[in-house]
Amino acid sequence: REIGNKGGIARSLHQLGTIEYRRGNLDKAEGLYQDSLKLKREIGDKGGISNSLGQLGNIEQDRGNLDKAGGLYQESLQLFREIGDKGGMANSLGQLGLLYTKQEKYEQALYCLDMAFNLFSEMGVPQKEQALSYIADIKEKVGEEKFKEMMARIQGRTGEEKPSAT
């Protein structure tokens, strides 16, 4: 740490946090992500801050703190928007969509997942198939008629055609 490469240290701490998260050590992972986040804030690394916030959101979601997780995902999404990171935005929207699905807020979930699908499609990445799968899960949960109603409202909000999971 004395070398002064805060960006490298922050990335290393983040990676160590990911290792601990995958091992199920949420408290250790949280501490490492928090340390990483602090350094990223000091150097103004908005993309890195967004990634750490997303990971902290995952920890809160795993702990059952869904509202706190949602706030972290929203903050992450906002920073990704500020820097124009479409992949980061899509991932944050996907996380929000899954969170809203868990909370049975299906229209909000569909809105986020649909936006994630569109961003993934623009980028031509395979995550679009996963987003479409989550959209299909919502359709199955709410039924065909309610799904069509929700999609119509979502299309009305954005004024553009949306793909459907039919």
Side-chain angles (χ1 to χ4, degrees), residues 1-106 108-138 158 163 165:
R1 284 192 170 195
E2 292 164 17
I3 296 172
N5 181 1
K6 289 183 180 181
I9 294 167
R11 284 188 297 280
S12 295
L13 289 167
H14 188 95
Q15 290 302 326
L16 290 170
T18 300
I19 290 167
E20 292 301 332
Y21 179 77
R22 289 183 180 153
R23 289 179 175 165
N25 299 325
L26 299 185
D27 291 339
K28 272 188 178 178
E30 179 183 28
L32 290 160
Y33 288 136
Q34 288 288 0
D35 290 345
S36 175
L37 179 61
K38 182 180 180 212
L39 290 173
K40 290 171 182 175
R41 287 190 196 280
E42 286 177 17
I43 61 173
D45 177 5
K46 286 186 178 183
I49 293 167
S50 298
N51 286 325
S52 291
L53 290 169
Q55 290 304 116
L56 289 165
N58 291 341
I59 289 172
E60 292 304 331
Q61 187 171 180
D62 289 352
R63 289 177 172 157
N65 301 325
L66 303 185
D67 290 337
K68 192 170 182 181
L72 290 162
Y73 293 146
Q74 288 284 0
E75 191 177 349
S76 176
L77 174 60
Q78 182 57 41
L79 288 171
F80 280 131
R81 278 190 178 131
E82 286 177 21
I83 62 173
D85 182 333
K86 287 184 179 184
M89 289 166 49
N91 286 326
S92 293
L93 286 162
Q95 288 301 113
L96 280 165
L98 294 175
L99 179 72
Y100 291 140
T101 300
K102 193 178 269 190
Q103 294 174 315
E104 298 182 358
K105 297 177 180 178
Y106 295 121
Q108 287 173 279
L110 187 58
Y111 182 74
C112 290
L113 291 168
D114 188 61
M115 289 194 322
F117 172 82
N118 289 331
L119 287 168
F120 286 137
S121 294
E122 275 180 38
M123 295 183 300
V125 295
Q127 289 92 326
K128 70 181 182 181
E129 299 305 324
Q130 188 65 53
L132 197 57
S133 166
Y134 294 139
I135 290 169
D137 290 345
I138 292 173
T158 62

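Sequential numbering from 1 along the given sequence is applied to the chain's residues.
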Which donor-acceptor pairs under 3.5 Å do side chains of residues 123-134 form with protein atoms, sequence neighbours excluded?
{"residue": "Gln130", "atom": "NE2", "partner": "Tyr134", "partner atom": "OH", "Å": "3.2"}

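- Among residues two or more places apart in sequence or in another chain, the side chain to side chain contact (heavy atoms under 4.5 Å, CB included) test is passed with Ser52 by His14, Ser36, Leu37, Lys40.
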Could you go through residues 21-32 and list every donor-acceptor pair under 3.5 Å that involves a side-chain atom there, pairing it with any protein atom two or more places apart or in another chain?
{"residue": "Tyr21", "atom": "OH", "partner": "Asp62", "partner atom": "OD2", "Å": "2.6"}
{"residue": "Arg23", "atom": "NH1", "partner": "Glu20", "partner atom": "OE2", "Å": "3.3"}
{"residue": "Asn25", "atom": "ND2", "partner": "Glu20", "partner atom": "OE1", "Å": "2.6"}
{"residue": "Asp27", "atom": "OD1", "partner": "Arg63", "partner atom": "NH2", "Å": "2.6"}
{"residue": "Glu30", "atom": "OE1", "partner": "Arg63", "partner atom": "NH1", "Å": "3.1"}
{"residue": "Glu30", "atom": "OE1", "partner": "Arg63", "partner atom": "NH2", "Å": "3.2"}

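- Pairs engaging residues 7-16 under the salt bridge (charged side-chain N to carboxylate O under 4.0 Å, His left out) rule: none recorded [sequence neighbours left out].
- Listed by first then second residue, pairs satisfying ring pair (Phe, Tyr, Trp, His ring centres under 6.0 Å) with a partner in residues 72-104 number zero, not counting sequence neighbours.
- Residue pairs meeting the ring pair (Phe, Tyr, Trp, His ring centres under 6.0 Å) criterion with at least one member in residues 35-63: none, sequence neighbours excluded.
- Summarising the geometry of Ser92 relative to Ser76, their closest heavy-atom pair is OG-OG, 3.2 Å, with the distance given to 0.1 Å.
- Residues Gln74 and Gln78 have side chains not in contact (no heavy-atom distance under 4.5 Å, counting atoms from C-beta outward).
- Listed by first and then second residue, the salt bridge (charged side-chain N to carboxylate O under 4.0 Å, His left out) pairs that reach into residues 48-59 come to none, sequence neighbours excluded.
- Applying the side chain to side chain contact (heavy atoms under 4.5 Å, CB included) rule to Ser12 yields no partners; only residues at least two apart in sequence or on another chain are considered.
- Put simply, the side chain of Asn65 never gets that close to the backbone of Lys68: no donor and acceptor are under 3.5 Å apart.
- Residues Ala116 and Ala90 approach most closely at CB-O, 3.5 Å, considering heavy atoms.
- In this view, Lys86 and Glu122 satisfy the salt bridge (charged side-chain N to carboxylate O under 4.0 Å, His left out) rule, not counting sequence neighbours.
- The stretch residues 43-68 participates, sequence neighbours left out, in no ring pair (Phe, Tyr, Trp, His ring centres under 6.0 Å) pair at all.
- Legend: residues meeting salt bridge (charged side-chain N to carboxylate O under 4.0 Å, His left out) with Lys102, ordered by chain and number and at least two apart, are absent.
- Residues forming a salt bridge (charged side-chain N to carboxylate O under 4.0 Å, His left out) with Lys38 (at least two apart in sequence, or on another chain): none.
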